[in-house]
K.L.:
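My questions will all concern the structure given below.
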Amino acid sequence: MSIANLRPRLPIGIQTFRTLREEGYCYVDKTGFALQLALYGGYYFLSRPRRFGKSLFLDTLKELFEGNRELFEGLKADQGWDWSVRRPVVRLDLATVNGTVPGDLDADLGEQLRAIQAAEGVDRLDETPRGRFRHLIRSLHNRHRHRVVVLVDEYDKPILDALHHPDMAKTNRNYLRALYSVIKSCDAHVRFCLLTGVSKFSRVSLFSGLNNLRDITLNPKYSSNCGYSESDLDSVFAPELDGLDRARIRDRYNGYRWGGEERVYNPFDVLLLLWDREFKPWWYETATPTFLIERLAEEEVPWHILDGLRASEQLFSTFDVGRVAPEALLFQTGHLTVAEREDLEDGITYRLAYPNREVRQSLNRSLLDDLLGAGWKRDRERDRLIHALKTGNLARLKELLRELLAGIPQQWHGRNAMADCKGFYASVLYGHFSAAGADVRAEVSSSTGRADLCVRAFGRVYVFEFKMHDRGGDPAAMAQMNAKYYAAKYEALGEPIHLVGVAFDAKTRNLTGFIAQTI
């Protein structure tokens, strides 16, 4: 193969700005955001899910402050920065810390600080990490005659690692609270500070000693500082997109939104798609913590209400050990994103939603597998469901839903308070359809009422209304759909519409009625 025919170098897993620039990797220019922050100065906090480019953004700031202009040639920051000044930088990376191992946090930080001290020729290597951190900041300011830049990557990982071990999580939290308080105590020596992570712990629990942080997580100015926009794909990756269905890429991977109107792609998804040319849940399989699925199961969160949850701005600031709201956890890990912002007199309210098909399908598949067990049988059931939805085989659909509910373990019913409620069955069916790749919406409003579940799949629309057996059953469900004309909302699509009334029984824990009508 000639050099001219070589594929461009895709920066999969590259988190070092120098490596990316010197070795000719494709680069989506985010230096304008770095420049904007650097010029203002001050103390900042940024939360983004895993694999969204936080580490690369932090490393870009490091190279900017250190004055390495050759790396920025032709980029947005090239002409807007004073390259004559080289500022000292202390960068700490907590991604390597194992928060479940006692003493690992102290040892890892101690090693990082000793390495910086050795590189800078700073003495006093025998202090605690906290004392060494304070001495290092002051010494670098005095030595370089410029105030210090402090960058902390994955600031919260040691706590998140240990969320299922509350005592260890609190120990790590208290340790980090004392460490981060050093930054404020050295205010006269610090020009700029940025902490990045997945979650936002409350100021009281973790940042009581660093309460001057400006949170830019939902600031519209920085909504696309991590992630790829549509224009980024066109300007940087256009040759690699040739032959791929752009609408499918957008449907599957786009949709993350923080503050501004612009929606972005997860870089990891895009790069792996371009490399392997296959539509897979690339990000979900590497960035979804097991404790998220366990937490949703423990909290008995109805799956069908996740898409459309409403949350206050305060909710995102109450994250703490032993006090983790499912909505905040889903948002901060990237499984829900901002769909709508509403400014009210008593504060800001956000409506959250799944960002794209990858997350909707994969998360519901994980929840369903946690409930019913994973394996080849689950995959076979999904294939059968897909075939029934494609062909409009309602008798087969009834049989598959009955088998699905019959497969829920007896012990699960005994420990779940939702098991006797209509919402439980709605959640299970929502998860089942979503895991099969259908476009599913719960509690869909129209001018005449609200349908329990609407499923669009393979050129067909299925509108479901659920009733408990002792509340009129499936005849009442069908009567309600016809009386309120739920089908009207979908008639313009020109697709077959199937009205499905389903009755559940709390005693048998399965279907007792299933009635269907095709329009």
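Remember, predicted model here, so these are calculated numbers, not experimental data.
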K.L.:
Please check if any side-chain donor atom of Tyr486 sits under 3.5 Å from a side-chain acceptor atom of Asp452, or the reverse.
P.N.:
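No.
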K.L.:
Looking only at side chains, do Tyr25 and Thr19 share a donor and an acceptor under 3.5 Å apart?
P.N.:
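On atom types as modelled, these side chains do not qualify, holding no pair under 3.5 Å.
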K.L.:
Evaluate the ring planes of Trp283 and His335, with Trp represented by its six-membered ring, and classify them as parallel (under 30°), tilted (30 to 60°) or perpendicular (over 60°).
P.N.:
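If you compare the ring of Trp283 with that of His335, the planes turn out tilted.
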K.L.:
Is the shortest side-chain N to carboxylate O distance from Lys62 to Asp153 below 4.0 Å?
P.N.:
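No salt bridge links Lys62 with Asp153.
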K.L.:
Determine whether Phe17 and Phe57 make a side-chain contact, defined as any pair of heavy atoms from C-beta on separated by less than 4.5 Å.
P.N.:
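The answer is no, as the side chains (C-beta and beyond) never meet within the 4.5 Å cut-off.
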K.L.:
Quick one: do Tyr354 and Arg360 satisfy side chain to side chain donor-acceptor pair (under 3.5 Å)? Show the steps, please.
P.N.:
CA-CA 6 Å; Tyr354 290 117; Arg360 179 196 300 274; over 6 Å; no
K.L.:
Given the ring of Phe279, does Arg248 sit roughly above its face, with NZ or CZ under 6.0 Å from the centre of the six-membered ring and within 45° of the axis?
P.N.:
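Flagged: Arg248 positioned over aromatic ring of Phe279.
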K.L.:
Go through the side-chain N and O atoms of Arg214 and Asn219 and say whether any donor and acceptor fall under 3.5 Å apart.
P.N.:
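No.
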K.L.:
Salt bridge or not between Lys76 and Asp29? Use side-chain N to carboxylate O under 4.0 Å.
P.N.:
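Here Lys76 does not pair with Asp29 in a salt bridge, since their nearest N and O are not under 4.0 Å apart.
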K.L.:
Does this structure show an ion pair linking Asp59 with Arg91, if we count only N-O contacts that are shorter than 4.0 Å?
P.N.:
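Answer for the salt bridge query: yes.
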K.L.:
Is there a side-chain contact between Tyr43 and Leu195 (heavy atoms, below 4.5 Å)?
P.N.:
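No. Closest side-chain heavy atoms not under 4.5 Å.
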K.L.:
Got a salt bridge between Asp307 and Arg441, using NZ or NE/NH1/NH2 to carboxylate O under 4.0 Å?
P.N.:
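Salt bridge between Asp307 and Arg441, a charged N being under 4.0 Å from a carboxylate O: yes.
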K.L.:
Taking the basic N atoms (NZ, or NE/NH1/NH2) and the acidic carboxylate oxygens, is any pair closer than 4.0 Å for Glu66 and Arg87?
P.N.:
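No, Glu66 and Arg87 are not salt-bridged.
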K.L.:
For a quick check under 3.5 Å, do Tyr265 and Glu230 share a side-chain donor-acceptor pair by atom type?
P.N.:
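There is such a pair (donor and acceptor under 3.5 Å, judged by atom type) between the side chains of Tyr265 and Glu230.
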K.L.:
Show your working on salt bridge (charged side-chain N to carboxylate O under 4.0 Å, His left out) between Arg18 and Glu70 and close with a plain yes or no.
P.N.:
CA-CA 10 Å; Arg18 178 174 291 276; Glu70 70 279 4; 3.8 Å; yes
K.L.:
Out of Thr16, Thr31, Asn68, which residue meets the side-chain hydrogen bond (donor to acceptor under 3.5 Å, both in side chains) rule with Glu63?
P.N.:
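One option only clears the test, and that one is Asn68.
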K.L.:
So, Asp161 versus Thr100: side-chain donor-acceptor pair below 3.5 Å or not?
P.N.:
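Result is no, nothing qualifies.
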K.L.:
For residues Phe331 and Trp258, determine if any side-chain heavy atom of one lies less than 4.5 Å from a side-chain heavy atom of the other.
P.N.:
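In short, these two side chains touch, coming nearer than 4.5 Å.
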K.L.:
Under the criterion side chain to side chain donor-acceptor pair (under 3.5 Å), I'd like the reasoning laid out for Glu262 against Ser224: C-alpha separation, chi angles, the key distance, then a yes or no.
P.N.:
CA-CA 7 Å; Glu262 190 168 36; Ser224 59; 3.2 Å; yes
